Amino acid sequence: MKLGRLNHVGVATPLITDSIAFYRDTMSATAIGEPFDLPAQGVKVCFVDTPNTQIELIEPLGEGSPIHGFLAKHPGGGQHHLCYEVEDILIAKTWFEGRGVRVLGEPRIGAHGTLVLFLHPKDTGGVLTELMEAPQH
Ligand SMILES: CC[C@@H](C(=O)O)C(=O)SCCNC(=O)CCNC(=O)[C@H](O)C(C)(C)COP(=O)(O)OP(=O)(O)OC[C@H]1O[C@@H](n2cnc3c(N)ncnc32)[C@H](O)[C@@H]1OP(=O)(O)O
Ligand SMILES: [Co+2]
């Protein structure tokens with residue numbers, strides 16, 4: 001298993017429109033995508049492009065959203081996860097499971113249209129870690 005590039009930093013927000021305005025007007029981000037719903041992941045998503053990575057703004061979508069608990073603890077939002085690219089998600093899953101790192105569920109299609117999975121923050125130094133298969137260019 002080889003750890004790839006940092007694909008994005010996930011930032012949870014209670015109101016994605018406010019966060020978009022902040023990144024546009026205060027952070028001076030010039031490449032901000034359109035927000036879209038990802039019901040399979042329980043979030044509304046908007047990507048903010050920076051020169052070397054992306055900020056992934058995520059707002060809860062639906063009652064079962066996985067970020068409700070995080071926002072209950074951090075009502076104003078905050079840094080939620082780091083996402084690294086890997087070549088093969090199933091090889092990565094086996095690698096981390098073999099080292100006692102809890103893998104949260106099975107791989108699912110993420111916001112970039114490739115398979116993603118999450119590692120439990122208590123097994124990764126307190127950082128919720130997402131792995132994603134790199135998009136084909
Ligand atoms: C946009 C789609 C996709 C993409 O393609 O990029 C995404 O990024 S979707 C992002 C949202 N999806 C997920 O986060 C899925 C995986 N997450 C989960 O399964 C859960 O959120 C969780 C990580 C298991 C946490 O569950 P929750 O019920 O909120 O809390 P717990 O009480 O079980 O938490 C246990 C423990 O972990 C701490 N915690 C929770 N979230 C985080 C976090 N983001 N970063 C660091 N630590 C976190 C929580 O505080 C608890 O610790 P203690 O308080 O010490 O007990
Ligand atoms: Co993500």
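Counting convention: from 1, in listed order, for ligands and their atoms alike. On a predicted model such as this, the values are computed, not experimentally measured, just so you know.
Annotation: Pro66 places an N or O atom under 3.5 Å from an N or O atom of ligand 1; distance criterion only. For ligand 1, the polar-atom distance check finds no N/O of His120 at less than 3.5 Å from any of the ligand's N/O atoms. Ligand 1 has a nitrogen or oxygen under 3.5 angstrom from a nitrogen or oxygen of His81. Polar contact with ligand 1: present for Ala111 (N/O pair, distance under 3.5 Å). Considering backbone and side-chain atoms together, Gln41 places no N or O closer than 3.5 Å to any N or O of ligand 1.
Residue Val127 does not touch ligand 1, judged by heavy-atom distances below 4.0 Å.
Taking 4.0 Å as the cut-off, Gly126 counts as a neighbour of ligand 1 on heavy-atom distance.
Here the angle centred on the Co ion (ligand 2), running from NE2 of His81 over to NE2 of His8, is 100°, rounded to 10°. An angle of 170° is found at the Co ion (ligand 2) between Glu130 atom OE1 and Glu56 atom OE1, rounded to 10°.
For ligand 1, the atoms closer than 4.0 angstrom to any heavy atom of Gly110 are 5 (O).
Closer than 4.0 Å to atom 45 (N) of ligand 1 lies at least one heavy atom of the protein. Put simply, atom 19 (O) of ligand 1 has protein non-hydrogen atoms near it, under 4.0 Å away. Distance screen at 4.0 Å: atom 53 (P) of ligand 1 has a protein heavy-atom neighbour inside the cut-off. Within 4.0 Å of atom 28 (O) of ligand 1, not a single protein heavy atom is present. There is no protein heavy atom closer than 4.0 angstrom to atom 33 (O) of ligand 1. Under the 4.0 Å distance rule, the nearest protein heavy atom to atom 25 (C) of ligand 1 falls outside the cut-off.
In this structure, the separation between CD1 on Ile89 and CD on Glu133 is 5.5 Å, given to the nearest 0.5 Å.
The closest side-chain heavy-atom distance from Leu131 to Val116 is not below 4.5 Å.
Heavy-atom neighbours of Glu97 CD from other residues, nucleotides or ligands within 6.0 Å: above the threshold of 12.
For atom 22 (C) of ligand 1, the candidate residues are Ile58, Val116, Leu104; the nearest heavy-atom contact is made by Leu104. Among Leu61, Leu119, Ile67, the residue whose heavy atom lies nearest to atom 11 (C) of ligand 1 is Ile67.
Side-chain contact annotation: Gln54 with His112, donor-acceptor N/O pair under 3.5 Å present.
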